[in-house]
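Take a look at the structure set out below.
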Amino acid sequence: MNYSFTLKSFVVFTFVVIFSYPLFSQTKCQGTLGKPLINISFGAGANPGQPVTAATSTYQYTAADCPKDGFYTIRNKTEDCFYGDWHSVTKDHTGNENGYFLLVNASFTSNDFYLDTIQNLCSKTTYQFGAWILNMMKPGKCGNGGLRPDVTFSVEKTDGTVLQSFTTNEIDVTGTPQWKQYAFYFSTEETSVVLRMKTNAIGGCGGDFALDDITLQPCNPDVKATIDNSILQSIAYHCKSKDTSFSFSSNFGMYINPAYVWETSTTNGASWTPIPNANKNALTQVLPSTQDEVVYLYRLMVAEVDNMNIPQCIAYSNVDTIRSVPEPVPVFSSNAPVCEGSTLQLTAAGGSQYNWMGPNGYMASGNPLSYNNIPLKDSGQYMVKVISPYGCFAFDSLQVTIHPKPKAFAGIDTSFCEGKATQLQGNGDGTYLWSPAKGLSSVTVSNPYAWPVDTTMYTLKVTNKFGCTDTASIAINIIKKPRVNAGSDKKIMQGSFVRLDGNISGSDIDYYWSPNSSLSDPNSLQPMVNPADNTVFVINAVSACGSAKDEVAVTVLKKVEVPNVFSPNSDGINDTWIIKNLQAYNTAEVFVFDRYGQKIYASRGYNLPWNGTYNGNSLPAGTYYYVIDIKTDNIKLQGSVMIIR
């Protein structure tokens, strides 16, 4: 109701402060609050609002913004009343800037400011009455001794017997305008009650208040209706081509002797029809097959038996929905025929879930489905169950052919010597293809000749008349003939050592050097040698597939003997620096340096020995240093020589 119910809407029930106030009534709502029987907001519009007319009151109406003691007004705002002692209120409790509220200036005597009779209440029912109140006095006004609003609410029988009452006690001042809701519960078997409201605080400085949004709501049971006993399910689906049974049930409390009526709607709730003989808290419905897509709504009406014919006394459950939907239309395909041992691919469409069945108890789910390494015995009929998102399903089937595959045989692994050949012995029911082709007389016959140069793995692919294939392999191990390389010829100074650089290749080879004299190890590929004279060494290699050898010549050069002292004093004894055997190396270079690094002698060849002079002058006794480059195999001799005089 809007403003037209006006002051009559000051329902005088026993209140409970919803925020910080205690519950004054012993009775509480054990369910949910229903649709309000009284809902008074005083309307909305420009100031001032019209006086209330529906309820009896000892207060007088005024159109003024600031009513005097014993007066009330209807306003959408009030500002700076009584020299700023009152709050300026610019909107109603809901925040509507044009919404009206009731503004009361308490009279000088405690008396009723609201009295009304409410008809057509539901018997054996709990109610909640509520309203929002605002203390108009600002803090610190009236010398901090101003009166505070104090209101008594009462509910009475029509003979004056009080059913329940409570007092708000003094409502505190606040720094800014603050609406607070007061509410309470009461139970009664009466269908008519008198609501009374009076002020306890007398007029003067304070005791004044604003009031808004008065409601009277029945406490109804919280009726839960479920489908097939699932507390989470309030919608289900009926497959159009099948008769389907659904079970509905409900649970709730509060009522002592409840009555039930199940209703259904096929107009999306625009109209409801009672279901014949559906007068229990459970219901079973069989929905027939249909060609139409229909939405069925179900709900349960419940009330105390005595109240079942009073609309405002009926509680309704949530709405359960049954939607009629078509079955899926399966689309089934596969990659058959396929060869045994390959992958059968099954594909379906038209649903959200897919269950598969096949020969020999084969079962699987998913889509698309891959049946890997399929055996020949699983050739036959395959069926798919296609399930829609709504649980409706349909079947489709397909004949699947599995072809046998050939059995390929390429022969037994073998070995033979390099340069020889062997005949392969392949087998299998079908055509043949060998790979690689290198070293084969043919790649399309079962028994080609093979003469690979290196060890090779040959693969035979056999293809039968169905296009199915099988492969087999054979390893041909080539035993390589021995191959040797004795390395490059060597030159050494007499008495020196040199390493031979032998190298061999082939399979399972034995080898040795000859002659074995002056060798560190005749069975080593790189032995050390120090022959006294020029010698030819031979490396010999032997295997099951042949033998081989190679030579290396070691030239032994005469040893150059360098004296470390001579005495060029013209006594005919050791007057020159004679280097023994150096004349055999006619390209050799000789250099002599003093201790400062100055070159004092140089010669190419050594036909004329050094006599200890530099630029025709005799050098003083002392130590000198030489470098002799033989110019053969990078042989260099270094050391010192002393001149004695």
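All values reported here derive from a predicted model rather than from experimental measurement.
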Are [X] and [Y] near enough that their ring centres are under 6.0 Å apart?
| X | Y | answer |
| --- | --- | --- |
| Phe153 | Tyr182 | no |
| Tyr298 | Phe248 | yes |
| Tyr185 | Tyr127 | no |

For [Y], is there any backbone N or O sitting under 3.5 Å from a side-chain donor or acceptor partner on [X]?
| X | Y | value |
| --- | --- | --- |
| Asp292 | Val294 | no |
| Tyr100 | Lys77 | no |
| Thr264 | Leu297 | yes |
| Trp179 | Thr94 | no |
| Asn47 | Asn76 | yes |
| Asn307 | Ser123 | yes |
| Asp150 | Thr167 | no |
| Thr343 | Asn373 | no |
| Asn360 | Lys377 | yes |
| Ser154 | Ser165 | no |

Do other residues, nucleotides or ligands put more than 12 heavy atoms under 6.0 Å from the OH atom of Tyr255?
yes
Enumerate the disulfide (SG to SG under 2.5 Å) contacts for residues 107-179, please, sequence neighbours excluded, ordered by first and then second residue.
Cys122-Cys313, Cys142-Cys205
Do the side-chain N and O atoms of [X] and [Y] include a donor-acceptor pair separated by under 3.5 angstrom?
| X | Y | answer |
| --- | --- | --- |
| Thr226 | Ser249 | yes |
| Thr161 | Asp159 | yes |
| Asn220 | Thr32 | no |
| Thr215 | Asn39 | no |
| Glu293 | Ser324 | no |
| Thr126 | Ser187 | yes |
| Ser192 | Gln119 | yes |

Any side-chain heavy-atom pair of [X] and [Y] under 4.5 Å:
| X | Y | value |
| --- | --- | --- |
| Leu346 | Val384 | no |
| Cys392 | Val325 | yes |
| Asn105 | Phe71 | no |
| Lys198 | Asp112 | yes |
| Asn257 | Lys124 | no |
| Thr266 | Tyr296 | yes |
| Thr62 | Lys68 | no |
| Val193 | Leu195 | yes |

Might you point out which heavy atoms bring [X] and [Y] nearest each other, and give the distance in Å?
| X | Y | value |
| --- | --- | --- |
| Thr244 | His238 | OG1-CD2, 3.2 Å |
| Ser265 | Ser271 | OG-O, 2.7 Å |
| Ser250 | Val223 | CB-CG1, 4.3 Å |
| Asp65 | Cys81 | O-SG, 3.8 Å |
| Tyr382 | Phe332 | O-CE2, 3.4 Å |
| Ala236 | Phe246 | CB-CE2, 3.8 Å |

Taking the six-membered ring of Tyr83, is NZ or CZ of Lys141 closer than 6.0 Å to its centre and within 45° of its axis?
no
Using 4.0 Å as the upper bound for N to carboxylate O, is an ion pair formed by Lys224 and Asp222?
yes
May I have the step-by-step check of side chain to side chain contact (heavy atoms under 4.5 Å, CB included) for Tyr316 and Glu263, ending in yes or no?
CA-CA 10 Å; Tyr316 291 89; Glu263 293 183 315; 3.9 Å; yes
Stepwise side chain to side chain contact (heavy atoms under 4.5 Å, CB included) check, Asn135 with Asp172
CA-CA 7 Å; Asn135 185 345; Asp172 288 337; 5.8 Å; no
For the pair Met308 and Met301, evaluate side chain to side chain contact (heavy atoms under 4.5 Å, CB included) and give the outcome as yes or no after the intermediate values.
CA-CA 9 Å; Met308 196 61 182; Met301 297 191 306; 4.1 Å; yes
[X] [atom1] to [Y] [atom2] distance, which is reported to the nearest 0.5 Å:
| X | Y | atom1 | atom2 | answer |
| --- | --- | --- | --- | --- |
| Asn169 | Arg148 | CG | CZ | 12.0 Å |
| Ser289 | Asp243 | OG | CG | 5.0 Å |
| Ile118 | Thr191 | CD1 | OG1 | 12.5 Å |
| Leu283 | Ile275 | CG | CD1 | 5.0 Å |
| Leu134 | Ile171 | CG | CD1 | 9.0 Å |
| Glu97 | Lys91 | CD | NZ | 5.0 Å |

Determine, step by step, whether Ile74 and Leu102 satisfy the side chain to side chain contact (heavy atoms under 4.5 Å, CB included) criterion, reporting the C-alpha distance in whole Å, the side-chain angles of both residues, the deciding distance to 0.1 Å, and the verdict.
CA-CA 5 Å; Ile74 303 296; Leu102 182 73; 3.4 Å; yes
Ring pair (Phe, Tyr, Trp, His ring centres under 6.0 Å) partner of Tyr72, the single match among Tyr59, Phe42, Tyr61
Tyr61
